[in-house]
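Residues take their numbers from the sequence shown, with the count starting at 1.
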Amino acid sequence: MKRAYIETYGCQMNISDSELMHGILAEQGYTPADKPEDADVILVNTCAIRDHAEQRVIGRVGQLQQIRRDNPDVVIGVTGCMAQRMGESLLGKAGGVDMVMGPDAYRQLPDKLAEVVTRRGPAAVKLAPATQAATIAARGLTVLGFDPHENYEGVTAKRISSVSAWVPIQRGCNYRCTYCIVPYVRGDEKNRDSQAILDEVRALAADGVPEVTLLGQTVNSYEHGGWNVPRLLREVARVPGIRRVRFTSPHPNDFTRELVEVMAAEPTVCKQLHLPVQAGHDRTLKRMLRRYTVAEYMEKIEWVREAMPGIALSTDIIVGFPGETDEEYQATLDLVRAVRFDDAFLYKYSERDGTPATRLPRDQFVPDEVGQARLAGLIAVHRRIQAEMYQAEVGRTVEVLVEKEGRRGGVQGRTESNKVVTFEAPAELIGYFVDVTLVSTTGATFTGELIPALAAA
Ligand code: 5AD
Ligand code: SF4
């Protein structure tokens with residue numbers, strides 16, 4: 001019996017891919033290991049979206065090399081977006097990698113892992129540190145490239161949570177936002193068959209999973225055999241047993257009134273929306289090739305708030321994009337002040353080789369200190385707003401789906417609006433909906449108090 005440990009970096013799509021990999025490996029008799037020291041195979045499933053994400057992985061793979069000392073037969077693989085981006089060059093990095101595999105090749109995992117072992121022969125030799133990376137690289141295996149038909153149909157994911165499930169409905173991306181590496185490491189958009197998705201959701205519901213999140217890089221551009229996202233979302237929302245449905249991340253450009261109507265009409269669709277805006281000035285949006293204007297984005301926010309008053313909104317923003325003037329940056333702050341997001345993921349632009357933005361005039365690139373200062377300024381503006389909004393919710397009683405044990409005791413769950421709440425309650429409540437009074441907030445999460453009379457509901 002072989003044991004596999006998969007460590008995941010990056011977005012929900014990667015978490016979902018790791019669950020697929022565990023599923024593929026399970027079919028060949030692998031079981032998940034709890035920690036890397038216990039594993040025969042260690043896979044680091046990586047993100048390439050920013051340089052920082054890649055540096056962390058290099059550091060981590062370097063650390064994992066220590067495991068070879070006690071277990072020279074261990075296989076260390078790097079999968080995912082960074083694997084696809086760096087390819088063979090990754091084999092000799094961070095002390096040596098045995099296998100590099102891109103996101104479309106996971107079906108080959110068991111075969112390729114076996115091949116790695118055969119190729120390197122008896123590995124039980126202690127290598128001198130100086131030659132280790134080169135020796136490993138020379139025997140290493142690279143499995144890259146796109147498969148336009150690979151949707152992992154028929155693979156049963158081995159899911160981490162029995163409470164909330166990621167359901168990928170789309171892979172890849174057809175947009176070409178000029179800062180973004182995703183299309184080059186995940187390929188063009190491919191959408192899954194709607195019936196396969198619905199079957200998967202029905203199976204999850206039958207297993208007692210009450211919450212699903214539909215996943216795609218631009219999830220609302222989904223289109224397959226006459227099905228679009230509004231139709232799919234409506235059907236998923238109506239699967240008996242499913243009590244909460246979310247989807248992420250939509251692109252503003254594909255965000256339609258029809259989708260708003262379904263969100264508003266279906267009680268199980270959570271009144272929560274993550275709608276990445278990226279910037280608050282039309283000139284920046286144009287250089288980013290986002291294909292919408294600030295006015296168009298704001299109009300969509302209005303549709304949503306009109307149809308669903310109180311809906312929780314979140315976004316992604318990049319500051320310091322090449323050519324961003326102080327005026328453009330101020331416009332982003334204005335947008336954040338105008339919308340008042342419940343949550344925001346805020347980033348400083350990170351240059352990615354091969355993306356169109358790298359070809360913008362060099363003299364327009366924003367100096368790092370300026371980018372850093374802008375990010376700090378944006379975080380401060382958003383945090384103040386977020387703290388105000390969270391404070392206003394203290395005292396309310398809300399329904400929480402209990403997801404897991406809390407880090408400091410008790411349990412942790414989420415509200416319909418996707419807010420994290422921790423509170424004292426027995427772990428037996430995991431998987432249940434309970435009513436919780438929000439008693440305090442850190443500004444980004446809540447502490448609550450369980451209402452015992454309703455706990456059994
Ligand atoms: N630099 C900084 N942030 C980026 N993102 C994507 N590419 C880059 C980049 N090159 C951000 C976007 C996206 C989120 C997932 O990551 O805001 O929505
Ligand atoms: Fe990247 Fe733009 Fe595609 Fe999102 S829509 S994955 S930001 S290219």
Side-chain angles (χ1 to χ4, degrees), residues 7-12 14-16 18-19 32 34-35 159-167 204 207-213 215 242-249 267-274 310-316 340-346 379-380 382-457:
E7 193 163 290
T8 311
Y9 291 80
C11 64
Q12 291 95 335
N14 258 15
I15 300 176
S16 166
S18 293
E19 294 181 336
D34 291 333
K35 45 187 201 307
R159 294 188 151 90
I160 301 160
S161 167
S162 56
V163 179
S164 183
W166 307 111
V167 178
L204 286 164
D207 280 347
V209 177
E211 179 178 276
V212 293
T213 303
L215 286 185
I242 294 297
R243 291 181 60 185
R244 276 186 180 176
V245 183
R246 308 181 194 273
F247 57 93
T248 201
S249 291
T268 60
V269 176
C270 291
K271 303 306 175 263
Q272 169 251 318
L273 178 67
H274 180 71
I311 187 171
L313 297 172
S314 56
T315 201
D316 291 340
R340 297 177 66 83
F341 292 101
D342 293 78
D343 205 358
F345 300 86
L346 310 171
I379 290 173
H382 163 66
R383 282 222 183 120
R384 190 179 43 74
I385 294 167
Q386 188 182 35
E388 281 170 21
M389 293 173 77
Y390 276 48
Q391 200 57 53
E393 290 197 41
V394 169
R396 279 194 201 151
T397 298
V398 289
E399 190 181 54
V400 172
L401 172 56
V402 186
E403 288 181 352
K404 54 186 176 191
E405 287 182 47
R407 274 193 216 136
R408 287 182 223 98
V411 295
Q412 178 179 315
R414 276 171 201 271
T415 66
E416 178 187 352
S417 61
N418 212 24
K419 287 171 178 142
V420 174
V421 187
T422 53
F423 53 100
E424 278 314 316
E428 287 74 58
L429 285 182
I430 290 171
Y432 287 86
F433 288 87
V434 295
D435 281 336
V436 174
T437 303
L438 305 176
V439 293
S440 67
T441 175
T442 60
T445 60
F446 290 98
T447 305
E449 224 167 72
L450 179 69
I451 299 191
L454 299 173

> Do the side chains of Arg340 and His382 get nearer than 4.5 Å, heavy atoms only?
Replying inline: no
>> Checking the side chain of Asn14 only, and the main-chain atoms of Thr8 only, is there a donor and an acceptor separated by less than 3.5 Å?
In response: no
> Out of Ile451, Leu429, Leu401, which residue meets the side-chain contact (heavy atoms from CB on, under 4.5 Å) rule with Val434?
Replying inline: Leu429
> When rounded to the nearest 0.5 angstrom, what distance separates OG in Ser249 from CG in Asp316?
Replying inline: 6.0 Å
>> Is a donor from one side chain sitting under 3.5 angstrom from an acceptor on the other, for Thr248 and His274?
In response: no
>> Return the CZ to CG distance between Arg396 and Leu438, rounded to the nearest 0.5 Å.
In response: 8.5 Å
> Hey, what do you get for CG (Leu313) to NZ (Lys271), rounding to the nearest 0.5 Å?
Replying inline: 13.0 Å
> Phe423 and Gly448: which non-hydrogen atoms are nearest, and at how many Å?
Replying inline: CB-O, 3.2 Å
> Considering residues at least two apart in sequence or located in another chain, which fulfil the side chain to side chain contact (heavy atoms under 4.5 Å, CB included) criterion with Arg384?
Replying inline: Glu388
> Once you round to the nearest 0.5 Å, how far does CH2 of Trp166 lie from CD1 of Ile160?
Replying inline: 9.5 Å
> Are more than 12 heavy atoms from other residues, nucleotides or ligands located less than 6.0 Å from atom CD of Glu393?
Replying inline: yes
> Between Glu211 and Ser164, which heavy-atom pair has the shortest distance, and what is it?
Replying inline: OE2-OG, 2.6 Å
>> To the nearest 0.5 Å, what is the distance between CG on Asp342 and OH on Tyr390?
In response: 6.0 Å
>> Against Gln272, only a single residue in Glu416, Lys419, Arg246 fulfils side chain to side chain donor-acceptor pair (under 3.5 Å); can you say which?
In response: Arg246
> Which pair of heavy atoms, one from Ser162 and one from Pro210, lies closest together, and at what distance?
Replying inline: O-CD, 4.3 Å
>> Let's go through Leu215 and Val167 carefully: what are the C-alpha distance in whole Å and the side-chain angles of both, what is the deciding distance for side-chain contact (heavy atoms from CB on, under 4.5 Å) to 0.1 Å, and is it a yes or a no?
In response: CA-CA 6 Å; Leu215 286 185; Val167 178; over 6 Å; no
> Just one of Thr447, Thr441, Val439, Thr437 clears the side-chain contact (heavy atoms from CB on, under 4.5 Å) bar with Val394, so which one?
Replying inline: Thr441
> Hey, does the side chain of Arg159 reach the backbone of Ser16 with a donor-acceptor pair shorter than 3.5 angstrom?
Replying inline: no
> Side chains of Ile242 and Val212: does their closest heavy-atom pair fall under 4.5 Å?
Replying inline: yes
>> Tell me every residue that passes salt bridge (charged side-chain N to carboxylate O under 4.0 Å, His left out) with Arg383, counting only those two or more places apart in sequence or in another chain.
In response: none
> Do the non-hydrogen side-chain atoms of Thr415 and Val421 ever get within less than 4.5 Å of each other?
Replying inline: yes
Would you be so kind as to tabulate the donor-acceptor pairs closer than 3.5 Å made by side chains of residues 403-414, with sequence neighbours excluded?
{"from": "Arg414", "atom 1": "NH1", "to": "Asn418", "atom 2": "O", "distance (Å)": "3.4"}
{"from": "Arg414", "atom 1": "NH1", "to": "Asn418", "atom 2": "OD1", "distance (Å)": "3.2"}

> So, Thr442 and Thr445: side-chain donor and acceptor under 3.5 Å apart, yes or no?
Replying inline: yes
> Does a donor on one side chain sit under 3.5 Å from an acceptor on the other, for Asp343 and Gln386?
Replying inline: yes
>> If I take atom OG from residue Ser440 and atom CZ from residue Phe446, how far apart are they, to the nearest 0.5 angstrom?
In response: 9.0 Å
